[in-house]
S.K.: 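Quick one: this structure, given as structure tokens, is what I'll be asking you about.
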2 protein chains.
Amino acid sequence: MSLKHALLGLLAEGPASGYELTKRFELSLANVWSAKHSQIYPELRKMAAEGWLVAGEEGSRGRKEYVITDDGRAELRRWLVEVRPERAGRNESMLRVFFLWTLDPAEAVAYLEREAAAAHAYVERLTALDALVAWDESGADFMGRLALEEGLLIAQVQAEWAEWAAEQIRSGRDATTLTGRRRRPPTKRQR
Amino acid sequence: MSLKHALLGLLAEGPASGYELTKRFELSLANVWSAKHSQIYPELRKMAAEGWLVAGEEGSRGRKEYVITDDGRAELRRWLVEVRPERAGRNESMLRVFFLWTLDPAEAVAYLEREAAAAHAYVERLTALDALVAWDESGADFMGRLALEEGLLIAQVQAEWAEWAAEQIRSGRDATTLTGRRRRPPTKRQR
DNA sequence: GCTCGACATGTCAAGCGTTACATGTCAAGA
DNA sequence: TCTTGACATGTAACGCTTGACATGTCGAGC
């Protein structure tokens, strides 16, 4: 149900066509949300009917540009400040961990090591992206970079966790004898 | 598409009815996956038709118990070792961060502080759960506890990130002047 | 002049997931 | 005895998402 709000957020930066919005999902937002044109085009029409957007006249090649309305901005704001985000309901990679006991220990270790490698690769990807982007002083870039940083931190923790978990299995432990979890120090609130 | 495999994984521990499996999703798996009985019952019938399960005869109150077959175990194994988990396509809370620039800085800070508090609360919940569970030496408990630990680490990082991000906004920074990111040391591979 | 690829929009079928509706059994306790 | 709540299963409508199919325009380069 967040597609509408993702579109409102993108259109808050300025008018855009369905095609351009589709590209935004493939590029800047790819790590955070996804949507195909087949969903975006009908959705934009619904949002226009709702009064959150208005469509400009057709440009060349049938291009249709949408502009966010005050109602649209109000809805975006309402969503941000009033609707509590729900804690992730689904996490496929954690689900898999629950069932690793059905494999041989060596296979489970191999699985976790591949996960660690994938997380490392993702860290590399995000780091490269961060270096590549010509960040400016806009609010949008500011928030984009903060979000990228969050993704980076989480991927790093996932990599470390997977290596630790693999080591636990390798050394023949069980749920009652886990060792050396790098629990972070009891979080100090800043200020 | 993982519901089938989640059910296979649960049934790998032993026979169960749709009702019991529904409870498992509400309890042990709640932080990782969700499914309602209205989806589970039809899915079990499809999986039995597929040959992954067999249904026992009806018990009292119409209870139907399903048992995993060798084909079912093979499919679970195939999913675990051959199918690469896809990197999370959707993350609503990160999506929201992208659009925080549309709010006043003070509101954005308040938003992030609420997120930090929510993450802290979740850490507490998981910590309490970890202390409450009577972990045994089974493989299932071992993997369950490893997964719980992963959730804990991620929630801790999220809390720290949100506090750091709020501080960045409070001190009037932008994408070109971020400070003090607690980047973890370049990951040392264990052994 | 033609061809190719990016630009640009659209529909449709099928699968996944949630909510609401619907029904019936059994055991415990008042 | 009756009521209540946990046990237990099911269907139907609706919304979200994907993948496949479909169509057409415009500019660059051969």
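Chain letters run A, B, ... following the sequence lines, proteins first and then strands; every chain starts at 1.
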S.K.: Sequence neighbours excluded, which residues qualify as side chain to side chain contact (heavy atoms under 4.5 Å, CB included) partners of E20(B)?
M.R.: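 If we apply the side chain to side chain contact (heavy atoms under 4.5 Å, CB included) test to E20(B), skipping adjacent residues, the hits are A16(B), S17(B), R63(B).
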S.K.: What is the distance, rounded to the nearest whole Å, between atom CD of E43(A) and atom C1' of dT17(D)?
M.R.: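 Atom CD in E43(A) sits about 11 Å away from atom C1' in dT17(D).
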S.K.: Could I get the full list of ring pair (Phe, Tyr, Trp, His ring centres under 6.0 Å) partners for Y19(B), not counting sequence neighbours?
M.R.: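 If we apply the ring pair (Phe, Tyr, Trp, His ring centres under 6.0 Å) test to Y19(B), skipping adjacent residues, there are no hits.
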S.K.: Provide, to the nearest angstrom, the distance between the CD atom belonging to E86(B) and the P atom belonging to dC16(C).
M.R.: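 Between P of dC16(C) and CD of E86(B): 13 Å.
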S.K.: Which nucleotide in the list dG17(C), dT18(D), dC16(C) gets nearest to the side chain of S34(A)?
M.R.: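 Looking only at heavy atoms from C-beta outward on S34(A), the closest nucleotide is dT18(D).
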S.K.: Atom NZ of K46(A) to atom P of dG15(D): distance rounded to whole Å?
M.R.: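 Taking atom P of dG15(D) as the reference, NZ of K46(A) is at 8 Å.
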S.K.: What is the separation between atom CD on E26(B) and atom P on dA6(D), rounded to the nearest whole Å?
M.R.: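 The distance from CD of E26(B) to P of dA6(D) comes to 12 Å, rounded to the nearest Å.
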S.K.: Would you kindly give the NZ-to-P distance between K36(B) and dA22(C), to the nearest whole Å?
M.R.: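 The answer, rounded to whole Å, is 19 Å.
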S.K.: Just jot down the side chain to side chain contact (heavy atoms under 4.5 Å, CB included) partners of K4(B), sequence neighbours excluded, or say none.
M.R.: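 Expected list: M1(B), E43(B), M47(B), W52(B).
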S.K.: Does any pair with a residue in residues 71-105 of chain A pass ring pair (Phe, Tyr, Trp, His ring centres under 6.0 Å), and if so which ones, sequence neighbours excluded?
M.R.: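 As it turns out, the ring pair (Phe, Tyr, Trp, His ring centres under 6.0 Å) pairs with a partner in residues 71-105 of chain A, which skip direct neighbours, are H5(A)-W79(A).
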S.K.: Salt bridge between E113(B) and R170(B), side-chain N to carboxylate O under 4.0 Å?
M.R.: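 Judged by the 4.0 Å cut-off on N to carboxylate O distance, E113(B) and R170(B) do form a salt bridge.
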S.K.: Anything under 3.5 Å between a donor and an acceptor, one on a side chain of residues 132-141 of chain B, the other on a protein residue two or more places apart or in another chain? List them.
M.R.:
residue	atom	partner	partner atom	Å
W135(B)	NE1	D130(B)	O	3.1
W135(B)	NE1	D130(B)	OD1	3.0
D136(B)	OD1	S138(B)	N	2.7
D136(B)	OD1	S138(B)	OG	2.5
S138(B)	OG	D141(B)	N	3.1
D141(B)	OD2	D136(B)	N	2.8

S.K.: Would you mind building the protein contact string for nucleotides 3-15 of chain C? One character per nucleotide, 5' to 3', B for base within reach (heavy atoms under 4.0 Å), S for sugar-phosphate only, - for untouched.
M.R.: ---BBBBBB----
S.K.: Let me know the distance between CG of L3(B) and P of dG17(C), rounded to the nearest Å.
M.R.: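 About 6 Å, once rounded to whole Å.
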